[in-house]
Structures are given as C-alpha cells and as structure tokens.
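Report on one structure; see the data block that follows.
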Amino acid sequence: MTLQIFNTASRKKEEFVPADPRRVTLYVCGPTVYSFPHIGNARPAVVFDVLYRLLMQKFEQVVYVRNITDVDDKINAAAAKEKVSIGEISTRYTRAYHQNMTDLGVLAPVIEPRVTDHMEQIIDMIERLVAAGNAYEAEGHVLFHVPSYSGYGALSGRNLRELIAGARVDVAPFKRDDTDFVLWKPSDAGQPAWDSPWGAGRPGWHIECSTMIEQHLGETIDIHGGGQDLVFPHHENERAQSTCVHGGKLLSRYWMHNGFINVDREKMSKSLGNVLLVQDLLEQAPGEAIRFALLGTHYRSPLDWSDEILNRSRRNLDRLYEVLNHLQDVEIDTSAFEVPDMFTDALEDDLNTPAAISELHRLAKQVKTASGQNARETLKGQLLAAGRMLGILQQDPAVWFRGTSEIDEAEILRLVELRSSAKKERNFKQADEIREQLTAMGIQIQDRPDGTSSWRKV
RNA sequence: GGCUAGGUGGCAGAGUGGUGAUGCAGCGGCCUGCAAAGCCGUCUAUACCGGUUCGAUUCCGGUCCUAGCCUCCA
C-alpha cells in the first residue's frame, strides 16, 4: 500500500508522491516561544513526529524542518511584563519546549530555524514582493496586496467577498484593500526593531515561514503541516506570499492540519483558565502515556482531553509492557524485524494511529497464545518495531513499571520479603497489613505461584 | 450570518454497500489464603426522516444537534 494523505487544499485523501522520491521535504509550524508549552502545542509535534518516522521508513532522505518563532508581539509583551529582554523570554521557553518534547518522545527535526536568524532574508523577500507589484509601502508599513493574487483563498476555501463581509476588526486606513495583511511594521521606541528600507521595524506574522521554507527547503516543498487554526489566515497568507515571489510556483504539494484539543468538553483557552501545560501533565503521568493518549484519536479529529483518557492510556501501556515483560527471556535483534503489514497499512492510511494501535493490541494478544520460540521472537520483534514507529514501548519494562522517581527500593524489598515470610507462616493478617503499607507507598504487590512476589509503582 | 468537519455500544475510538474493529469499564468463570495481575467467556451502538439498491451504518437529499474557523491561538 502507498501512503495516503488528506490534503487540506483538496479536502480529499490523495496518494503521496514526493517530487523527488529520494528526498522528501516536510515543514511544520513550530511554537511561538512566549510561554510554557501546553498540550495543544504537543499534539502537532507528536503527530508530525509519527509522520516523520513513517516517511523515514519509506524514503531515503527526509528533510524535516520545524521552526521556532522567536519574533512576535506576544513575546514582546511577555518581555515587557517581566522587564527582561525578548531573548531571555524566547530562550527560556525554547528550552522548555525542547525538554517537554524530549519527554514526549518527539525526535528533533533535521533543521530548527529561528526567525531572528533570518531577518535579512525576510527583508529581501519583502523587497521582492514589492518589486513584483504584490506589496506596497504605506506609513512605514509594508502590506501584501491580496487582490494582486487571484489564487487567494483556495487553500482555506473562501472567497474575498466573504472575507470582507466577515471582517470584524477595524481596518487600518492606509490599506488599499480591507484584506491586505502586514509584511513589515514599524516599531515604537522600546519595541524590538531591525533596520530595513522602510525604517526600524519588525516582520509581520506570516512572512517568516515563507522565508525559512525558501531558505532551507526551496520554492516547492512536499508537505506543510500545522494546527487547524493555521489554515486561515497563516497558511493562506504564506501561500500567497511564496507563490507570488516564486512566479506562481506551488508552495506545498500537500497540506496537513491537526485538530484541536478540548479540555473536559470545553475549548482550551487562556480566558477559561483551562490550559493544560505539558510540564503539569508530566507530574500526572509519564510522557509516554501522554504521547499515547494523543495518538489514540485520529489527528484530524478534535480530541477531548481528560484525566480519564490519560489514565486509560497509562493502563493500556501497562498491558503492553506487561506483555513485553513476559518476553524478557526472548533475545532478539530488533533491527532485524519489520513492522507488520496491517500496522503499516493503518499508518499509511492518512496516519490512522487508532487503527494502528488496535493492531498493536492484536499482536499483544497473539503473544499470549504463542508457544514456539520462533513465534515469540517474531512477535517481540514486531511489537518493538511497531512501537518504535509510534515512539512508544522502547523502554525496559522494569523501568516503565518502577518509574524513575526516587523510591526506596531497599525498603520495598525488605517489606516484600517480610511479607513473604509472613505468608509462609500463614500469618495472613500480617501479610495483608504489609500489603496495605506498600499500597500506601504507591507500590502494588503481585504474588507469584511460587510464593515470591513482584512489585510495581502505581 | 458565511465556510468546514462531524454525529457509531456505559466510555474512548476505527472501519465498511451485505454476519458492526480495538481498548477501558461491566458481568460470569479460572487462578489466588484473600487480593492484584493474567487468562477464558460474555452483554450493549451506527442521531432522526426520506431516496437509490436485492441489500445502507456506509451513497444521495432533508431535519435536528455538536465542534472548529471567519479575530491572537497548536
């Protein structure tokens, strides 16, 4: 089966055929670093991480670019509020983003460009747009003239008249058309500013992605991804800029957008105060469980986040690690095993991770009835290979069950042995008391048939 | 108001023109000193109304409902 991708531009699933079969180019809009990453930032990172892993399996080279937006008025606001430099804000939150993504098992992209390193190229692209007649200067601003590009609106499926009718914001008087958007704007004293032919200022919101794509991947890329909210206006505007500056060449051959996360059936938003930070969720559950929860719903569907789905994900991982635990005696070379077809087929069907996960469960079930050593080796190899595609199940089961936080193993072992002797003497009252004591410590006891017991962190 | 996506069992969540995945929970059993874990078995669903069809959950039309975007947002 070949990879099928739902292309936002056509609103259909299409077969994915890269322009160059040996080199696939993927660009995903990364975070604006003005606060700690929330679960909504984590979803695209995890989803496109799975796509990246899948593409790497299918193609020789995958150039994955995910940017860091470190120039933005929200960053300016955060810096002003704390009375620190914007660099301090963006450095702090970039670091937090990297740490959180690592905790979620997200691989680093091949290139991670920052807007501040591309100011020259941004100015250059704006100049080219002005020269081509697609942009104009007005009162220190440079604006993209939307009516100059007839294809505007095709990505998000809207027409100009609708946009004007739906406009709810006050339109700046110097705009030639209500829909024109800013490429460059002047900075007031105290605001970060870069020199430009139009005076000291800073770039508008969309131009940085067009510029970084051109610089690192070229004029036309294979896949452009991001959150659904970026379809309009961000990606529509990016597309307009890039297409015009490149003489009508396509910016991206496929567009992919992930759905939003709701919290307890409500939209996650700062005003509702229900924004879930990744760092807080990591207190609740291991990053792998958070990742698994994100992959339990198809990426284009909305995802209702709750404590329940997180607990459920952790429990499901418990079961899968339990199965791996039973295969601990099986020695294999993991690189020698291929992911089962049914599993790959699911992922190749527009990244159907829920269906892929159900194949994982099917594999796990087979382990229980597999008797021969060959069958057990194959199943373990397939389970680990499939897990690797999703970025899960790669830990030692013992580490998964015991956790990494500070626990007093010696004390636990002492209590477990004390309880074993009590059981041997048929002093069940004492044995049960010790079990309760361990339960209170967050340790669950599992008796084995031979009288010994294993334990795990709950 | 405009545009878009969607409504599947107690919950989560796939697929499909012809006996409705998978997981959790529930129930029954095995195992256990009792548990836990595990194993075996098992109940429950395609919003509503029409149409096309031998046959629709799947295709078409309508109704109702939900979510997202149209404004900063992953």
Side-chain angles (χ1 to χ4, degrees), chain A residues 6 8 11 28-32 34-35 37-48 72-74 77 153 156-159 161-170 205 225-234 236 257-262 265-271 275 292-293 295-298 300-304 306 308-309 311-320 322-323 325-326 342 346 349 352-362 364-365 368-369 401 422-424 426-429 431-432 435-436 438-439 443-449 451 453-456 458:
Chain A
F6 184 91
T8 307
R11 284 178 209 84
V28 173
C29 287
T32 300
Y34 70 102
S35 63
H38 55 71
I39 188 68
N41 296 306
R43 191 177 195 189
V46 168
V47 163
F48 290 107
D72 186 277
D73 285 353
K74 291 189 291 294
S156 55
R158 49 194 94 201
N159 63 55
R161 206 173 307 161
E162 276 169 18
L163 287 173
I164 296 163
R168 284 189 226 162
V169 269
D170 290 336
W205 175 30
Q228 209 159 50
D229 56 316
L230 297 180
V231 177
F232 188 90
H234 185 54
E236 191 69 70
H257 294 95
N258 63 274
F260 260 44
I261 290 181
N262 298 320
R265 315 220 68 230
E266 271 187 311
K267 180 179 168 161
M268 186 168 74
S269 75
K270 299 218 161 143
S271 54
V275 174
F292 199 57
L295 296 175
T297 300
H298 184 84
R300 280 190 281 117
S301 299
L303 168 55
D304 271 317
S306 63
E308 197 190 345
I309 75 155
N311 291 336
R312 209 179 272 178
S313 299
R314 193 220 296 253
R315 235 186 103 58
N316 277 328
L317 282 173
D318 276 345
R319 281 172 50 89
L320 293 170
E322 185 68 42
V323 169
N325 211 10
H326 284 307
M342 291 287 279
D349 182 12
N352 192 339
T353 50
I357 288 169
S358 89
E359 291 304 322
L360 216 53
H361 286 298
R362 232 189 281 276
K365 196 161 201 161
K368 286 156 191 166
T369 48
F401 284 119
K423 279 204 310 174
K424 204 177 279 175
R426 305 194 64 78
N427 184 350
F428 297 123
K429 185 164 176 290
D432 288 350
R435 182 164 60 199
E436 274 167 36
L438 283 162
T439 302
I443 301 300
Q444 186 181 79
I445 284 293
Q446 290 169 9
D447 291 345
R448 298 199 189 96
S453 306
S454 65
W455 61 272
R456 64 167 63 170
V458 182

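The sequence lines fix the lettering, A, B, ..., with proteins before strands; numbering per chain opens at 1.
- Look at the C1' atom in both B:rC3 and B:rU19: the space between them is 41 Å, to the nearest Å.
- Backbone-only engagement by A:Lys74 is indicated by non-hydrogen atom pairs under 4.0 Å involving sugar-phosphate atoms exclusively.
- Look at A:Arg362 and A:Glu359 and you find a salt bridge, because one of the NZ, NE, NH1 or NH2 atoms lies within 4.0 Å of a carboxylate O, short of that distance.
- For the pair A:Arg43 CZ and B:rG68 C1', the interatomic distance rounds to 12 Å; values are reported in whole Å.
- Rounded to the nearest Å, the gap between the C1' atom of B:rG17 and that of B:rG68 is 31 Å.
- Regarding A:Glu236, its CD atom lies at a distance of 14 Å from the P atom of B:rU4, rounded to whole Å.
- Between A:Arg319 and B:rC24 there is a side-chain polar atom (N or O) within less than 4.0 angstrom of OP1 or OP2.
- Side-chain contact check for A:Arg43 versus A:Phe260: every heavy-atom pair is 4.5 Å or farther apart.
- Within 6.0 Å of the CZ atom in A:Arg448, the count of heavy atoms belonging to other residues, nucleotides or ligands exceeds 12.
- As rounded to the nearest Å, B:rA5 and B:rG15 have P atoms that lie 16 Å from one another.
- Straight-line distance from the CG atom of A:Asp72 to the C1' atom of B:rA74: 14 Å, rounded to whole Å.
- The shortest non-hydrogen separation linking A:His298 to A:Asn352 is ND1-CA, 3.9 Å.
- Between A:Arg11 and A:Ser358, the one whose closest nucleotide on RNA chain B sits nearer the 5' end is A:Arg11.
- The side chain of A:Asn262 lies closest to B:rG68, out of B:rA74, B:rA37, B:rG68.
- Closest contact between the side chain of A:Arg435 and the listed nucleotides B:rA35, B:rC73, B:rG33 involves B:rA35.
- If you take atom C1' in B:rU22 and the same atom in B:rA14, they sit 8 Å apart, rounded to whole Å.
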Checklist entry - With Watson-Crick and G-U wobble geometry limited to distances under 3.5 Å, how should the secondary structure of RNA chain B be encoded in dot-bracket form, using | for bases paired to another strand and [ ] for crossing pairs? => result (((((((..(((.....[...))).(((((.......)))))....(((((..]....))))))))))))....
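- Residue-level contact check: A:Asp432 touches the bases, meaning some heavy atom is under 4.0 Å from a base atom.
- Nearer the 5' end of RNA chain B, as judged by each residue's closest nucleotide, is the contact made by A:Arg315, out of A:Gln228 and A:Arg315.
- The aromatic ring of A:Phe260 does not sit over the base of B:rG68; the criterion of centres under 5.5 Å apart with planes under 30° is not met.
- Remark: A:Trp455 is not in phosphate contact with B:rA36, judged by side-chain N or O atoms under 4.0 Å from OP1 or OP2.
- When the C1' atom of B:rU22 is taken as reference, atom CG of A:Leu360 falls 11 Å away, rounded to whole Å.
- For the pair A:Ser306 (side chain) and A:Ile309 (backbone), a donor-acceptor distance under 3.5 Å is present.
- Distance, A:Lys365 NZ to B:rG38 P: 12 Å, rounded to whole Å.
- Using a 4.5 Å cut-off on side-chain heavy atoms (C-beta onward), A:His38 and A:Ile261 make no contact.
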Next on the checklist: So if I define the base as every atom that isn't primed, P, OP1 or OP2, how would nucleotides 6-17 of chain B read as a B/S/- string at a heavy-atom cutoff under 4.0 Å?
Outcome noted: -----BBSSS--
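- With both ends at atom P, the span from B:rG18 to B:rU71 equals 43 Å, rounded to whole Å.
- Taking the P atoms as reference points, B:rG13 lies 35 Å from B:rU52, given to the whole Å.
- Residue-level contact check: A:Asn316 touches the backbone only, with heavy atoms under 4.0 Å from sugar-phosphate atoms and none from bases.
- Nucleotide B:rG23 holds its P atom 18 Å from the CG atom of A:Leu295, rounded to whole Å.
- Residue contacts for A:Ile261: at a heavy-atom cut-off of 4.0 Å it reaches a base atom on one of the strands shown.
- Ion pairing of A:Asp432 with A:Arg435 is present here, as a side-chain N (NZ or NE/NH1/NH2) and a carboxylate O approach within less than 4.0 Å.
- Base contact: A:Gln446 has a heavy atom under 4.0 Å from a base atom.
- When the P atom is used for both B:rA37 and B:rG20, the distance is 31 Å, rounded to whole Å.
- Here the straight-line distance linking atom OG of A:Ser454 with atom CG of A:Asp447 works out to 8.0 Å at 0.5 Å rounding.
- Taking atom CG on A:Leu317 and atom P on B:rC24, their separation rounds to 12 Å, with Å as the unit.
- Across B:rA35, B:rC72, B:rG23, the shortest atom-to-atom separation from the side chain of A:Trp205 is found for B:rC72.
- By the 4.5 Å heavy-atom criterion applied to side chains, A:Arg300 and A:Thr8 are not counted as neighbours.
- Taking atom NZ of residue A:Lys429 and atom P of nucleotide B:rC34, one finds them 19 Å apart after rounding to whole Å.
- A:Glu236 places a side-chain N or O within donor-acceptor distance of the main-chain N or O of A:Ser156, the cut-off being under 3.5 Å.
- Among the nucleotides B:rG23, B:rG38, B:rC73, the one closest to any side-chain atom of A:His361 is B:rG23.
- The two residues A:Ser313 and A:Phe292 come nearest to each other via the heavy atoms O-CD2, 3.7 Å.
- Spacing between B:rA21 and B:rC30 at atom P, rounded to whole Å, works out to 28 Å.
- Side chains of A:His257 and A:Asp229 form no contact here, defined as non-hydrogen atoms less than 4.5 Å apart.
- A:Gly40 comes within contact range of at least one nucleobase, with a heavy-atom separation under 4.0 Å.
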